[in-house]
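Here the structure comes first, spelled out in structure tokens, and everything after it is commentary.
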Amino acid sequence: MGLERAFADEPAFVPYLAAGDPDYDASIEYVEALARGGADVIELGLPFSEPIAEGSTIQEAVVRSLDAGMSPDRFFEFVEELDVDVPLVCMTYYNLIYQYGSGQGPEPFVEKAAEVGIEGFVVPDLPAEEAGPLRAACDEYGLDLIFIVAPTTKGDRLASMMDQTSGYVYVQARLGVTGAKDDVDDATEESLARIAEWDVPKAVGFGIKNGDHAERIVSAGADGIIVGSALVDIVAEGHENGDPADEVAARLEQKARELKEGALRGAQNRPQPEGT
Amino acid sequence: MGLERAFADEPAFVPYLAAGDPDYDASIEYVEALARGGADVIELGLPFSEPIAEGSTIQEAVVRSLDAGMSPDRFFEFVEELDVDVPLVCMTYYNLIYQYGSGQGPEPFVEKAAEVGIEGFVVPDLPAEEAGPLRAACDEYGLDLIFIVAPTTKGDRLASMMDQTSGYVYVQARLGVTGAKDDVDDATEESLARIAEWDVPKAVGFGIKNGDHAERIVSAGADGIIVGSALVDIVAEGHENGDPADEVAARLEQKARELKEGALRGAQNRPQPEGT
Amino acid sequence: SKFGDYGGQFVPEALMPAIEELTDAYERYVIDNEDGFMDEFRRRLADFGGRPLPLQRADQLSARYDTEVYLKREDLLHGGAHKLNNALGQVLLAKYMGKERIIAETGAGQHGTATAMAAAHLDMPCEIYMGETDIARQRPNVFRMRINDAEVNPVTTGRGTLKEAISETMRDWATTVETTHYVIGSIVGPAPFPAMVRDFQSVISEEAREQIQEQTGGLPDAVLACAGGGSNTMGAFHHFVPDDDVDLYAVEAGGSSLSVDEEEGVAPNSASLSTGDEGVLHGARTKLLQDSDGQIMESHSVSAGLDYAGVGPELAHLVDEGRVTPVNVDDDTALEAFHRLSQDEGIIPALETAHAFGYLERVAGPATDDRAAEPRDEHHDELGDTVIVNVSGRGDKDLETVIEETQKRDLDIAPDMSIFNEIGGGI
Amino acid sequence: SKFGDYGGQFVPEALMPAIEELTDAYERYVIDNEDGFMDEFRRRLADFGGRPLPLQRADQLSARYDTEVYLKREDLLHGGAHKLNNALGQVLLAKYMGKERIIAETGAGQHGTATAMAAAHLDMPCEIYMGETDIARQRPNVFRMRINDAEVNPVTTGRGTLKEAISETMRDWATTVETTHYVIGSIVGPAPFPAMVRDFQSVISEEAREQIQEQTGGLPDAVLACAGGGSNTMGAFHHFVPDDDVDLYAVEAGGSSLSVDEEEGVAPNSASLSTGDEGVLHGARTKLLQDSDGQIMESHSVSAGLDYAGVGPELAHLVDEGRVTPVNVDDDTALEAFHRLSQDEGIIPALETAHAFGYLERVAGPATDDRAAEPRDEHHDELGDTVIVNVSGRGDKDLETVIEETQKRDLDIAPDMSIFNEIGGGI
């Protein structure tokens, strides 16, 4: 439980890639390029065969990764092999976590993740109501469990999530799944207002494509930005064109830099809070 | 009313052809060939578009004739043009007879038929129950109306038909429609027995293919034989092979001769009635 | 055995004894319920067929036409059309008569499939005659018959369509009358078929008459049914015939035109009640499409099941009497009505059935250029406030035809299907 | 929202408010009949759907198995399968909830067609997601949906089949929850779907339980239903669950084999109750076909409608409790049963349904080499003297598959179709 530290000094840039997309070795290079590009936390997707919460961009990444042989055990090897100095979060679906313990619950998966250096989880199909056992295992091994707050999340549900989330909170900036729309929704400010009193950093995701988007989101009050599809697009395009992995890695690094810089600009623009 | 005369001296040979099969001119030749071959009465089919009582051989003849333009008016021309010295019977379906009078009933058709020299009718879809108007018109113009006695015709129906039939009676030798089976049913004798007291000549049909069949039927007591499919087969085969009409006519004449001679042999074999 | 001057028994002599035997059986079992025949028939119609079937108020159509429109849902009968009412009745009757074998002919295949189902249900061997052209056009129905264990005998004579199949079935029957029953599929053919088939189908109007009274407290102002041979028509009308205030509309297939090509012997419609005249066809005197010689014309309809040159003699009689009003709608109107019922009510009707709805639209629908002269409200004088339409069958069987014919016509109401052209696979 | 340890709500946070709203609506309208919702639902099921549906004694099968076999005739429901019970219920509920739009996913197309029909009937815009591979394989169903005015959205991601269509529908819903209801087609998905779909489908056992008592004076010894997702299964079982003496058999698709190819991630069957183990799929904890990592396996069945890697959580629970017995039959046995029911009873069943009859044959049928050791009479100990089989749907949709799969196998019972190879035309 320490992902908060990545948001402490400046707005955090939190990129996502599906581990093993399009193959194990290239993916190692790509993740390392994101770290070089300024990532503060990296969300690594462990692909599940039924990614019901993903947009088509990430869904296709998941298929590429699975076709190339990714599995939970390979994922843990992947994490161990990574040469990055950035906190890593595992983003996956609950069945993989649950099943790793041969039906005994999430604890064996969390134990193994902690062992290889994972610091937290995002589990898109695990709402707060079903999260008890995973939350307990995370507590046991000192890992964070990050929840997603949607624009539709209101009232009692917010309170219940506030109790359970740690590390940071993933703020879904607008309705829809991980997506590729070009606009940055003005509802970001409103979303942030609803969780203003939460004491975890607020990372905003869904739809951030470039430095300008990043800047506007941070200006609106986000403690960090989460970017997935825009990066996966670069991987997909490189794969389709048969580009060498180092070229694709360079593009990812450059995109990461653009996004991080946008976030930094956003922090400068941010209106000073009144009062405090 | 005089077709009985054709059966008076010796067993009658009654061939059938569809008028106009495969075309008007050839059909004239064919009918005349039958006369030369020894026909005592000729049944000329006036083709109807829905020949429900015919076997497939005659059904196909009907289609050829219709396709070549046969119609009731052409049929009457056909009859007028024929150069034969044999009584002619028109075999057709009731709708053509009925409709010729523009829905006024069968009388106009019968009048026209009488005018061109037709001496009688066989109407396969007109049972005795429905025959009143046609019987009356035939009486008015002096034409015969020939009914078909089936193996299934029994009891009251026989009596009613006996009252109405004139010229000759068409004895269907076995169940089935005009057909092409090779056997001559032994039921012929039984059929004849059922109408033994009728005072019209008994012509037996359905399935007679050759002189031997003809002989056996007459031996069994028939006053005449009716032959259709075996002759239509010759027309069909000639048409399919593109044979010249005169060759086909020669074959028909030969077949007619064979059948007539068979019938004559049959009469010699016939057991002398006891008593009378 | 007559309906006025119509009807009768114009069949080959060899069949007359079978017709007499059938007449006797019809009177004993169907009319007099001997051995509880009708009880068993009704029980099997319920358990096997799914009767009674709903009389459903059509919400969207009622609003559209400002008239209470009720649907008699024969499309829900086992097999997907009213056909089973008759097929089940006749196969059961054949069993009571001690027959050992069932034959039938079929054109579009609906009667064949119903007969095959009924024969399988009652454990009777069954053979269906079908023209080879029709077999190629209607393969799903052919497969259904075979799967129900019926023999399907391809008829190769002539053009290989319904008329040849009828001849071939007659021929079979003429040879096998003693052991075999020929299940005629409509209210046509020699007596007693027209009356018997009507009696089996009259369960439609028997139910509908009770249901409409339960639901509305009164009788309808009009009953609409499509009419080809006329079995669903008379089935839907029969129990309303004595109700003089109930108008009965027999909606025929107007095809592409009501005019006739005598030269080709083709009537591009199947509107024998509207345009035909008296003659003798398939065993009965009735109204039919014929040329001036009396040769039967080739009929036409986009709906294979209406595509017949004759019509039941009882309907011909009721039209002459003025009790039934014959009307017709053309192929285009029927196709539009097919799409309208599918879209507005969630019921995909048979193309036959769609004709009845096409007439409803023509009489009661919103004004169009064609109808500009007739103010909207006038239809109430014609159809009245409450109308029953007989949904004689479902349209799954017609999907291919509808798509093909719709694309030819570019109808406004039709759904856009172009997306599927880009994705492979046959219908 | 749980059935023992099964069930739950494993969905993205964005959907949770919609799930809560639906739970509230389910409790008010379905459970408490607020605003007469259930009355309207039942009225529409009757008028539009054709309920009640018969419980028919199967004469030939009863003789074959020396057991009273009763058929619950869901094949007669409008649309041709039990699917409409649920689709109509959910679309009506969406209307009561003030939703303006319906979405659904479909694999084989049966749920999509039922939803499109219900939406047309209730005048609700409707979009159906369907994988492009499935669109190419199931074109008649695609056309039916379009003809009922539903948009069909081809899903081109992945392999273009059901799983991608489910993801795509979830994605739509996550964006449009405020105005849109997602009609899930079986007793799967997050709570309240499993309970709600079961309630809509439970009309099957409600009717059957009354009918069997009317007809036999007592309860059956066993109820058999095929099980894929399990909606017809729970529908047929629900009201018998408290009757401890009534054995409940869920007949799964054994496919070509019960063994699993972990390497390929393929289970050549869909027998998740028989062979699967606990996991989380599509919003619920249940039994499913997965590899040792927890990745979902590709399932298989000759019947597209059973071809699903999961099963309803309530069924998983009832199996664990010992109340429901999971059994399975393989593709061959199901095909044979398809032909047997078609030939012996005149009912062409869906291939899904045929599995239930395949089990009946295996347990109660005449001795074969495989069964030589089990004497004929023993089945009475197992199934008892009176058995209800749920005929979940009709098989018209399966004709192509059946013919193709039958020809591959050369089954003794299959009708000879070779005659049609000589005559042109596609299916």
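Letters go in sequence order (proteins before strands), and every chain restarts at 1.
Side-chain atoms of Arg146(D) and Asp416(C), non-hydrogen and from C-beta on, do get closer than 4.5 Å to each other.
Top candidate by heavy-atom pairs under 4.5 Å with chain D, chosen from Gln60(C), Gln56(C), Arg73(C), is Gln56(C). Here Ile147(C) is the residue among Asp59(C), Leu341(C), Leu71(C), Ile147(C) with the most heavy-atom pairs under 4.5 Å with chain D. Counting heavy-atom pairs under 4.5 Å between each of Asp396(D), Asp75(D), Asp344(D), Leu53(D) and chain C puts Asp396(D) at the top.
Looking at Ile347(D), both its backbone and its side chain come within 4.5 Å of chain C, counting heavy atoms on both sides. With a 4.5 angstrom heavy-atom cutoff, Asn148(D) touches chain C via backbone and side-chain atoms both. For Arg394(D), the part lying under 4.5 angstrom from a heavy atom of chain C is the side chain only.
Residues of residues 39-52 of chain C lying within less than 4.5 angstrom of chain D, judged on heavy atoms, are Arg44(C), Ala46(C), Asp47(C), Phe48(C), Gly49(C), Gly50(C) in numerical order.
To the nearest 0.5 Å, the span separating CG on Asp123(D) from CD on Gln343(C) amounts to 11.0 Å. For the atom pair CZ (Arg340(D)) and CG (Asp149(C)), the distance works out to 12.5 Å, reported to the nearest 0.5 Å.
Of all the heavy atoms in Ala120(D) and Ser342(C), the pair that sits closest is CB-O, 3.7 Å.
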